[in-house]
Amino acid sequence: MPQGGNRTFVRFQDCLRLAASATLLAAGGNTKHMKIHEYQAKEILRKYNVPVPGGEMAITLEEADTAAKSLFAAGNAVVVVKAQIHAGGRGKGGGVKVVKTLNDANAASKAILGMQLVTHQTGAAGQKVQRLLIEEGSAIERELYLGLVLDRASAKVVFMASQAGGMEIEEVAAKDPEAIYKEYIDPAVGFQPYQARKLAFKLGLKTTQINDAVKFMTGLYKAFIDTDSTLMEINPFITTKDDKLLALDCKINFDDNAMFRHKDLKELRDLAEEDPLEVEASKYALNYIKLDGNIACMVNGAGLAMATMDIIEYAGGSAANFLDVGGGANQEQIENAFGILLSDPNVKAIFINIFGGILRVDVLAQGVVNAAKKLNVQIPIILRLEGTNVEEGRKILKDSGLNFLVGSTMKEAADMAVAAAKGGK
Ligand code: GDP
Ligand code: MN
């Protein structure tokens, strides 16, 4: 996962999975990014007249079989069976198969549907494939790359194009950044045809393809803006042997904060693809992101939550999650939050870092005591508390009969949490 470097290429959808808050802030603070499947993304492109291969989504082998049959019957010499998961790199992991007979199509569907697909984006455990896309095969001439992303440094949408399509663009960005051409888009005037032509020429497209390329890119830009996307990638963007342009793959992320005005897009969410703890947290309106460390964090405010993750790293530990309980958290929220933190088997210590402003420290402390008793928490709880009614809060903890560890500064508390997670006290 790219950390730092050219921030344009930070995978924004993963931004909260990066530990360092500098990167987080550069990549857009706590913006969450709703992901969808390739087949859904292609459906959106179709509405904007961006050419994509015809195909059908299938959730059973029977559906896959029917779809493949009708594609062959329609005269396609080649059919492609594609795993639908919310992660890229499926081709390399065996999740994309190009077949020429119905038998091979069936065999491919059987192999892919239900498999635990491991790619560089899924982690070692992989992701279970629960949907397939059965698609018309394309006669590829060249594999290129197109991408749109919100660049926070310039505060503009940037349109990227590269001849190095079909491979990981992060790798290209790291090894050969010159191979990625960029057009920054002035929000007042939008994406201009001359910009599309510039990119098309850089891609080395034939003169007969330039007009189609301009239409293609203009359609992408319009879809990006209309849907409040934060990222759109066509990789590969192909030219075919008969000179056509096609989006062979498509990935779109949306800005979670804008989904209230896109009810139709919100319905595209596939909870089976999301982390179960994150899904649970979203039910309680908790801003929770699971991470890989072993120190659970409960913090109020996104900025403080990021600072907490940083100070844990600084103290030599690693955070198990990002969790912002919000300014107005009540008893119930705190209990829910505890429940979620404790469901993560990696967690060895809980670090509660609260600055009581709207949320009074005594209310928080009482909530923590109640939750710890109710849920019979066995792992060490370390607190750093400041703000309104902090003395009352400390007294509640002390009088609870439970064994809380209280640090007087953030660093001291972080050191205590790291020591506790390592097994000391
Ligand atoms: P990803 O690996 O998750 O990015 O999945 P893609 O949809 O990008 O597919 C991976 C690769 O499979 C592409 O880069 C192509 O090389 C190949 N591929 C996908 N569809 C077709 C097709 O219709 N015809 C051919 N010949 N190859 C395809
Ligand atoms: Mn791809």
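Counting starts at 1 for both ligands and their atoms, in listed order.
Within the 4.0 Å heavy-atom cutoff, K251 does not count among the residues contacting ligand 1.
Short contacts between ligand 1 and V98, defined as distances under 4.0 Å to a heavy atom of the residue, involve ligand atoms 25 (C), 27 (N), 28 (C). In summary, the atoms of ligand 1 found under 4.0 Å from a heavy atom of L248, numbered by their order in the structure, are 18 (N), 19 (C), 20 (N), 21 (C), 28 (C). Distances below 4.0 Å separate heavy atoms of R90 from the following atoms of ligand 1: 1 (P), 2 (O), 3 (O), 5 (O), 6 (P), 7 (O). Ligand-side atoms of ligand 1 in range of K82: 6 (P), 7 (O), range being under 4.0 angstrom from any heavy atom. Which parts of ligand 1 touch D249 is read off a 4.0 Å heavy-atom cut-off, strictly below it: atoms 1 (P), 4 (O), 5 (O), 6 (P), 7 (O), 8 (O).
With hydrogens and angles disregarded, a donor-acceptor distance shorter than 3.5 Å links the side chain of D324 to the backbone of G301. In this structure, R131 contributes its side chain and Y39 its backbone to no donor-acceptor pair below 3.5 Å. N76 contributes a side-chain N or O that, together with a main-chain N or O of L71, makes up a donor-acceptor pair within less than 3.5 Å. Here the side chain of Q40 pairs a donor or acceptor atom with the backbone of H37 at under 3.5 angstrom.
Classification of the F191-F159 ring pair by plane angle, with boundaries at 30° and 60°, yields parallel.
Note that atom 11 (C) of ligand 1 has no protein non-hydrogen atoms nearby, at separations under 4.0 angstrom. In this structure, atom 22 (C) of ligand 1 has protein heavy atoms in its sub-4.0 angstrom surroundings.
When the options A83, G89, S138 are ranked by their closest heavy atom to atom 24 (N) of ligand 1, first place goes to S138.
Protein-derived N/O/S atoms nearer than 2.8 Å to the Mn ion (ligand 2) total 2, waters excluded.
Residues satisfying the side chain to side chain donor-acceptor pair (under 3.5 Å) criterion with R197, sequence neighbours excluded, are absent altogether.
E183 and K202 are not joined by a salt bridge, as no carboxylate oxygen comes within less than 4.0 angstrom of a charged side-chain nitrogen. Contact check on D228 versus R261 returns a salt bridge, with a Lys/Arg side-chain nitrogen under 4.0 Å from an Asp/Glu carboxylate oxygen.
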